[in-house]
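The structure appears below as structure tokens.
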There are 2 protein chains.
Amino acid sequence: MTQTGISRGQAARERLITAAQELFWENGVAATTPRQVLARSGVGHGSLYHHFPTKRALAIAAIQRTSEQALARALAVLNQDRPARERLRAFLTRQRDALAGCRIGRLTADPDVMADAEMREPIRRYFTALVEALATVIAETGVPLTTATARATTVAAVVQGGYVLARAGGDAHALERATSGLMDLLEGD
Amino acid sequence: MTQTGISRGQAARERLITAAQELFWENGVAATTPRQVLARSGVGHGSLYHHFPTKRALAIAAIQRTSEQALARALAVLNQDRPARERLRAFLTRQRDALAGCRIGRLTADPDVMADAEMREPIRRYFTALVEALATVIAETGVPLTTATARATTVAAVVQGGYVLARAGGDAHALERATSGLMDLLEGD
DNA sequence: GTCTATACAGGGATAGAC
DNA sequence: GTCTATCCCTGTATAGAC
């Protein structure tokens, strides 16, 4: 009750989550060790296990956080005050770090994540919400709703696959080629 | 000189590679242990390190093999004796184990693979050859070559992304929705 | 809350006999 | 070529002091 909004303890907790988010993006969950999280965050061993009973608990917190942040950024683009066609184009041409890969999508290849329902859930939610938002925008461009839903899945997929191709070839432009190829199709050539 | 084409030793080597291929598909390279490969293949510890000096050497052999096999299967579909339009459709609607993910594409999220140029190379080759073959087929449908190349990247990306979405949602149909959404666009609605 | 010390299984590999 | 025994390091914690 005498505390400010964020106690000193919360600072360590936040630093742990942030460091875990970064490392998960770089190397995945399974391949990230508690020691790496400690080194990155500057937090001590004792503190980690004070704030999180296990690596799994930290992983869940970090994945949830990443998922929320990524969804918020995507929805910000899709809900801008502009014509639907422009919002769709803005989503597809958004600046992305192609060689780093998608912070969320890449987790679907992580064995620790896929083996754990609580880690999978934020990922499922992210893509469900993203595809739904895309379908809404696409429907606003005048496409029937059932067509819009399939097309929204295609749009989300081309971005995820663009990341895969970019990383596979060490070529950041592969993502742009994939999305621009789809945009041409969407805009009727 | 007195040997048959495949010596008894090759049998163990082959079983190790096959087991590694399966395990890499299931769990990735980094998360697969030599012990798992031994258990799966039925080969003994001594034999593993007789045939492959390190886990890395086994991984390179297994990834190369997987890449060759996957490319051969894809090209078989794309080079059938049928109209280009049908071959493209056959590629997109090919039976795929969506929830298992792509044996090649998934490796782009593996930290061990991405940190090693020799492991990355077969993956790069696979997608380069796949996109080139797709571009040829698409060009045969009457599309200008530069457009065909971008479009080929889009096709490969939608398949890869479809896998990601399917695994993310635990929904095998997500892959079909992604590819059928693309097919509608390709066939001019 | 944070620290240092300790524990112990498993990963990745070597040694040397058969 | 294959086997068993052994090795050292790191991942993932637990214990208990400060």
Side-chain angles (χ1 to χ4, degrees), chain A residues 1-24 26-63 110-113 115-116 118-119, chain B residues 1-24 26-63 110-113 115-116 118-119:
Chain A
M1 309 300 183
T2 62
Q3 296 182 328
T4 56
I6 294 181
S7 71
R8 183 165 225 92
Q10 290 302 308
R13 194 175 199 281
E14 285 301 309
R15 288 212 306 284
L16 287 165
I17 291 177
T18 303
Q21 288 183 277
E22 293 174 9
L23 288 161
F24 291 172
E26 294 166 21
N27 295 320
V29 175
T32 295
T33 73
R35 290 212 229 284
Q36 290 175 301
V37 176
L38 297 178
R40 177 76 58 106
S41 65
V43 169
H45 194 151
S47 296
L48 167 57
Y49 288 97
H50 172 74
H51 291 291
F52 299 98
T54 60
K55 173 186 169 181
R56 174 172 181 267
L58 171 60
I60 290 170
I63 292 171
D110 193 294
D112 278 18
V113 173
D116 190 311
E118 250 180 287
M119 293 193 206
Chain B
M1 306 299 182
T2 64
Q3 295 182 333
T4 57
I6 293 181
S7 72
R8 183 167 225 89
Q10 290 302 308
R13 194 175 200 279
E14 285 303 306
R15 287 212 306 285
L16 287 165
I17 291 177
T18 303
Q21 287 182 279
E22 292 174 10
L23 288 161
F24 291 171
E26 292 166 23
N27 295 321
V29 176
T32 294
T33 73
R35 285 168 163 56
Q36 289 175 300
V37 176
L38 297 178
R40 178 74 60 104
S41 64
V43 169
H45 194 152
S47 297
L48 167 57
Y49 287 98
H50 172 73
H51 291 290
F52 299 97
T54 60
K55 174 187 169 181
R56 174 171 180 266
L58 171 60
I60 291 171
I63 293 171
D110 193 295
D112 278 18
V113 173
D116 190 312
E118 250 180 289
M119 294 193 205

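Chain naming here is simple, since letters A, B, ... match the order of the sequence lines and numbering starts at 1 in each.
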Exercise. More 5' along DNA chain C: B/Gly46 or B/Asp112, using each one's nearest nucleotide?
Worked result: B/Asp112
For this session: Any chance you could measure A/Ile63, atom CD1, to A/Ile17, atom CD1, to the nearest 0.5 Å?
Result: 11.5 Å
For this session: May I have the distance from B/His51 (atom NE2) to C/dA13 (atom P), rounded to whole angstrom?
Result: 16 Å
Problem set entry | Between P of D/dT4 and CG of B/Leu38, the distance in whole Å | 11 Å
For this session: Return the value, rounded to whole Å, for the distance between atom CD of A/Gln36 and atom P of D/dT10.
Result: 12 Å
Problem set entry | Nucleotide of C/dA13, D/dT2, C/dT4 approaching A/His45 most closely (side-chain heavy atoms) | C/dT4
Exercise. Do B/Arg35 and C/dG10 share a donor-acceptor pair, side chain to base, under 3.5 Å?
Worked result: no
Exercise. OP1 or OP2 of C/dC3 sitting under 4.0 Å from any side-chain N/O of A/Ser47?
Worked result: yes
For this session: Specify the separation, in whole Å, of atom CZ of A/Arg13 and atom P of C/dT2.
Result: 12 Å
For this session: When you get a sec, tell me which of C/dT2, C/dG11, D/dG11 is the closest nucleotide to the side chain of A/Ala12?
Result: C/dT2
For this session: Give a yes or no answer on whether the side chain of A/Asn27 reaches the backbone of A/Thr32 with a donor-acceptor pair at less than 3.5 Å.
Result: no
Problem set entry | Separation of B/Arg13 CZ from B/Leu58 CG (nearest 0.5 Å) | 8.5 Å
For this session: Using atom types as modelled and distance alone, determine if a side-chain donor or acceptor of A/Asp112 lies under 3.5 Å from a backbone N or O of A/Val29.
Result: no
Problem set entry | Shortest side-chain distance from B/Tyr49, nucleotide among C/dA13, D/dA13, D/dG11 | C/dA13
Problem set entry | Spacing of A/Leu23 atom CG and A/Gln36 atom CD [to the nearest 0.5 Å] | 5.5 Å
Problem set entry | Spacing of B/Lys55 atom NZ relative to C/dG10 atom P, expressed in whole Å | 16 Å
Exercise. Just to confirm, is there a sub-4.0 Å distance from OP1 or OP2 of D/dC3 to any side-chain nitrogen or oxygen of B/His50?
Worked result: no
Exercise. Quick one: A/Leu58 CG to D/dG11 P, roughly how many Å, whole number?
Worked result: 15 Å
Problem set entry | Interatomic distance, A/Phe52 CZ vs D/dT14 C1' [rounded to whole Å] | 18 Å
